Every structure is written in structure tokens, then in C-alpha cells.
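The block underneath contains the structure these notes are about, expressed in C-alpha cells.
Whatever order the structure lists them in is the order used to number ligands and atoms, beginning at 1. The residues of the chain are indexed from 1 along the displayed sequence. Given the structure is predicted, the values throughout are model-derived calculations rather than measurements. What's counted below: heavy atoms across the whole structure, side chains too, no hydrogens, waters or symmetry copies.
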Amino acid sequence: MSVTIADNIARVRDQIAAACARAGRSPDQVTLIAVSKTHPADDLMAAAAAGVQHFGENRVEESSIKIPQVQARLDAPVTWHMIGHVQSRKAKEVVPLFDTVHSIDTLRLAEKLARAALDADKTLAAFVEINVSGEASKSGVAAYNWQDDAEVRAALIETLGAIVALPGLQVRGLMTMAPLTDDVEAARPVFASLAALRDWIAERIGVSLPELSMGMSDDFPVAIEQGATLVRVGRAIFGERAVQENWRR
Ligand SMILES: *Cc1c(COP(=O)(O)O)cnc(C)c1O
């Protein structure tokens, strides 16, 4: 098992390097987050042994057990990224477990996380999740057609402006999920739109938003070509996810 995970990580790193070369970027500019949701602690240990320093999880309950388990077995700390939808009432539980939250999709959630971070004397790195594609099934601050829709732009300025001003959060950039399709090229305009939106809003609200969290197993090379600085890769490292409860093994 661990040989496979190490092999997969080597292959993903080669693909990251190739995409960076195509885009004229340095691989140092792209952080690989191994998305370990549903997988047991042993698999995370194998990934850490292969050099992974960033892990992504999406459920508070699973994380509250698995993160301390893994951290206790590691010699050095790794960085934990919450990438899944967070309910406002779980904000308090997220703060002690995670360094970074990628899935801030409402001002209300941002406020709860900021408050919990302040109470814990911690600064939480944060990404605002943006729904660029307009799919109703996706969370994220609405940004469909932002280039042509003044109302959408005004709402983005208001929401993002309020979130970046919250003490307790350090907003690093924007995150999105591309539509699920078999055609990786279908993701490209979504990633390009997020990158353009980042440039525009950073200037408009006068903050630096250096990071773009975009790209998963099927589309991370395209995301890197469009400017991703963090890619969230699960299946290409750990294999297909079986049942959610697998991690209890
Ligand atoms: C599960 C998940 C990923 C990883 O997806 P894979 O297709 O397994 O690479 C990335 N981002 C988010 C938000 C996820 O929930």
C-alpha cells in the first residue's frame, strides 16, 4: 500500500512540474495538498513519509480523531487544511484542528471562525470559496458572470471586503471547484475566471490575495496552467474513496 502511495505522489509531483514548465512557473510556487478524507491514519503516514507536508480533510468529526492520531505519530508537524463545507455552529471545533480553511462561503461563517480564532489566540489562514460556474449544487460566494453583472460585482466587493477586515482571519486568496465532467478542458475557463476575479477584487478592495486554491485529481495540471498556487489532490494519491467510514480502520 505505502509503495503505491509513494509512487502516486512521485507521479503527481512530476505532473505538477510538467504543468509548471508549460506555464513558465516554478514548482516552488505550487503547494500539493494531499486530500486524505476517508483514508486511515496509516495512509497519511505513508504520504508524510513520501514528503507530503499538507493534508486536506473535509469533516470535523473524522478530523477530530484522525488529526491527533497522525500528529502523534509524526516527528514534525504538518499543515492541516479544512476543504469541506463547514456549518457555522462547527466553527469552534475547526479552529483548534486546522491551520487553514479553504471553504469560507458566507460572511456569517467567516465571522464565526474569526471569533473562534480570536478566542483561541490564533490566526487562521483563510480562503473565500467562490462559485464561478453558477452550478446550484456548489457552495461558494456567487460569482457567475461577474465580469458582466454589476450586481454580482457589488455583492462580491461587499462580502469579500467584510471578510478580509475580520481580525483572527488572514485571507490568503480564493478557492473554487470546477464542474465535474470528463472533459478537463471544461475546467479551464472556470479557473481562468477565478484568477481574473482574484486580480480584480484584490485591486478593488486594496488587499493582497496571493493564493489560488484550485485543481483536483482530474484537473490540477490545467489549474496550475491557470495560476493555482495550491492544488487539492485526493484520488490520484490515495486511490478511489470507498465508504466514508474507512478512516476508522
Ligand atoms: C475531495 C475533494 C478534493 C479532492 O478530490 P479528488 O478528486 O479526490 O482529487 C478537492 N477539493 C475538495 C473541496 C474536495 O472535497
Fill in: Option from Val141, Val132, Val128 for which side chain to side chain contact (heavy atoms under 4.5 Å, CB included) with Leu174 holds
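Per the side chain to side chain contact (heavy atoms under 4.5 Å, CB included) rule, the option paired with Leu174 is Val128, out of Val141, Val132, Val128.
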Which atoms of ligand 1 have any heavy atom of [X] under 4.0 Å away?
{"X": "Lys37", "value": "1 (C), 2 (C), 3 (C), 14 (C), 15 (O)"}
{"X": "Arg232", "value": "4 (C), 9 (O), 10 (C), 11 (N), 12 (C), 13 (C)"}
{"X": "Val233", "value": "9 (O)"}
{"X": "Met177", "value": "13 (C)"}

Item to complete: For this output row, return yes or no: ring centroids of Trp80 and Phe55 closer than 6.0 angstrom.
Response: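 Yes.
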Can you tell me the protein heavy atom closest to [atom] and the distance?
{"atom": "atom 7 (O) of ligand 1", "answer": "Arg235 NH2, 2.7 Å"}
{"atom": "atom 9 (O) of ligand 1", "answer": "Ser217 OG, 2.5 Å"}
{"atom": "atom 5 (O) of ligand 1", "answer": "Met216 CE, 3.5 Å"}
{"atom": "atom 12 (C) of ligand 1", "answer": "Ile83 CD1, 3.4 Å"}

Worksheet entry | Non-hydrogen atom of His102 closer than 4.0 Å to ligand 1 | no
Discussion item. I'd like to know whether ligand 1 has Asn58 as a neighbour, heavy-atom separation below 4.0 Å.
Written reply: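 It does not; every heavy atom stays at 4.0 Å or beyond.
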Discussion item. With a 3.5 Å distance limit and no angle check, can you tell me whether Arg25 reaches the backbone of Ala228 through a side-chain donor-acceptor pair?
Written reply: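 The answer is yes, because a donor-acceptor pair under 3.5 Å joins these two groups.
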Is [X] salt-bridged to [Y], cutoff N-O under 4.0 Å?
{"X": "Glu135", "Y": "Lys138", "value": "yes"}
{"X": "Asp219", "Y": "Arg188", "value": "no"}
{"X": "Arg73", "Y": "Asp42", "value": "yes"}

Item to complete: Any chance you could measure Glu225, atom CD, to Phe191, atom CZ, to the nearest 0.5 Å?
Response: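 It comes to 10.5 Å.
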